[in-house]
Amino acid sequence: MASIPLSSLCVSQKPKSLSLSFVASDSLRFGSSSSLGFDSSRKNRGVRISLCRAASVVFRDLDADDFRHPLDKQNTLILRAIPGLNDLAKVLLGTIAEQVMLLENIGTSVLVSENQLSGLHKLMVEAAKILNIEAPDLYVRQSPVPNAYTLAISGKRPFVVVHTSLVELLTQTELQAVLAHELGHLKCDHGVWLTYANILTLGAYTVPGLGGLIAQSLEEQLFRWLRAAELTCDRAALLVAQDPKVVISVLMKLAGGCPSMADQLNVDAFLEQARSYDKASSSPVGWYIRNAQTRQLSHPLPVLRAREIDEWSRSQDYKSLFKRAIQVNSVQKI
């Protein structure tokens, strides 16, 4: 049975089937790895979290609007103004559909806890503390496709799923940035909207007659909102990582990384690549191609996300958040 993706930090395209993940090609994904060996001695691989690292600050009074991207705010208002959207989504996302999503994901994964993959558990708890949000359940699922996603089902405790291939691809700080990205969806109440967007777009096509017209008319607006929501959650990742290069490295690896080449990737070169993309798409023809390229994507292009997070890390808004932050233990064993 296919799974149903709800939120992620990957490079996604227009969904072609009812699936709940975040692949770097055509669904909503974020992870990567084929095995869960958490040995910190392996270069750039695994998460044996027995190292000591600086724990920086937490944001005890953090509100979602403190870091929400302006495009997220704008497109959320537009979605809420669409007549009948909520009612239609509730019909498409009924109790049975919710149970399918829930059982499919938790029945084929490993629940992370203090006694099960405790290193990952500590990363999630710490990230949730920094963002001032209750930590959701965390599951690890075997998959060769790098991905992570969030499920928020009404009346149920939300949970995050991370693919083993993601764990294999990223360092522990990068993996925590991914978890923070997923927490950003929950902090900003994206979960329900992400569910609605995926089920509505995919499910409406199955409604005879009017269904295709409904889905076609809403699809572009829904994807515009999804892309904006991802920019917001990249900011949540930065608030936890507190180093823009960590977040940009994740995006770079999702765009074209693999464990064997991870230590050869260069964040500064990737940012320069982002600037060259902006330059190449600045002409009228380039602008048209760029819009055509991104219109049907559920996630912004990796180079654009890298540029966005680099710019926000140097903004006054970002610096102001840290003035309100509370310092925690300078060194924390994780």
(message) Let's go through L62 and L239 carefully: what are the C-alpha distance in whole Å and the side-chain angles of both, what is the deciding distance for side chain to side chain contact (heavy atoms under 4.5 Å, CB included) to 0.1 Å, and is it a yes or a no?
(response) CA-CA 10 Å; L62 184 69; L239 290 177; 4.1 Å; yes
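- With Q242 contributing its side chain and V57 its backbone, the two residues share a donor-acceptor pair below 3.5 Å.
- Under the 4.5 Å side-chain heavy-atom criterion for grouping Ile, Leu, Val, Met, Phe, Trp and Tyr, V247 is connected to Y277 within one hydrophobic cluster.
- E308 and H69 share a donor-acceptor pair across their side chains, judged by distance under 3.5 Å alone.
- Side-chain atoms of S249 never come within 3.5 Å of backbone atoms of V246 as a donor-acceptor pair (strictly under, hydrogens ignored).
- Between the T108 side chain and the E104 main chain, a donor and an acceptor come within less than 3.5 Å of each other.
- A 4.5 Å side-chain heavy-atom check between M124 and V112 finds every atom pair outside the cut-off.
- S113 contributes a side-chain N or O that, together with a main-chain N or O of Q116, makes up a donor-acceptor pair within less than 3.5 Å.
- Judged purely by distance below 3.5 Å, without hydrogens or angles, the side chains of D72 and H190 pair a donor atom with an acceptor atom.
- Between R324 and L321 the shortest side-chain heavy-atom distance falls below 4.5 Å.
- Aromatic ring centres of F59 and F67: separated by at least 6.0 Å.
- Of the listed residues (L271, D234, L231, V250), just one forms a side chain to side chain contact (heavy atoms under 4.5 Å, CB included) with I309, and that residue is D234.
- Using a distance-only test at 3.5 Å, with no hydrogens or angles considered, a donor-acceptor pair links the side chain of E174 to the main chain of T171.
- Distance check: H185 NE2 to T150 OG1 gives 6.0 Å after rounding to the nearest 0.5 Å.
- No donor-acceptor contact under 3.5 angstrom links the side chains of D278 and S282, judged on distance only.
- In summary, the side chains of H181 and E230 do present a donor paired with an acceptor at a separation below 3.5 Å, with no hydrogens or angles considered.
- The structure places OG1 of T232 at 6.5 Å from CZ of R68, a figure rounded to the nearest 0.5 Å.
- Between atom CD1 of residue I130 and atom CG of residue L183 there is a gap of 10.0 Å, rounded to the nearest 0.5 Å.
- By the rule that hydrophobic residues join a cluster once side-chain heavy atoms approach within less than 4.5 Å of another member, V125 and V140 end up as members of separate clusters.
- Side-chain contact between I78 and W225 is absent, with no heavy atoms from C-beta onward closer than 4.5 Å.
- Residues L254 and P302 form no side-chain contact, since every pair of their non-hydrogen atoms from C-beta on lies 4.5 Å or further apart.
- A donor-acceptor distance shorter than 3.5 angstrom exists from the side chain of S313 to the backbone of D310, with no hydrogens or angles considered.
- Counting non-hydrogen atoms of neighbouring residues, nucleotides and ligands closer than 6.0 angstrom, the CD atom of E134 reaches no more than 12 such neighbours.
- Checked by atom type and distance alone, the side chain of K187 pairs as donor or acceptor with a backbone atom of L131 at under 3.5 Å.
- Linking ILVMFWY side-chain heavy atoms closer than 4.5 Å, directly or via other members, places V267 and L265 in a single hydrophobic cluster.
- We find the CG-CE distance between N266 and M252 to be 7.0 Å, quoted to the nearest 0.5 Å.
- Taking both residues in full, the closest heavy atoms of Y139 and F159 are given as CD1-CD1, 3.8 Å, listed atom of the first, atom of the second, then distance.
- By the 4.5 Å heavy-atom criterion applied to side chains, L175 and V162 are counted as neighbours.
- Within the model, atoms CG of D66 and OG of S320 stand 10.0 Å from one another, a figure rounded to the nearest 0.5 Å.
- With values rounded to the nearest 0.5 angstrom, D317 atom CG is found 7.0 Å from R235 atom CZ.
- Residues E126 and Q176 have side chains in contact (heavy-atom distance under 4.5 Å, counting atoms from C-beta outward).
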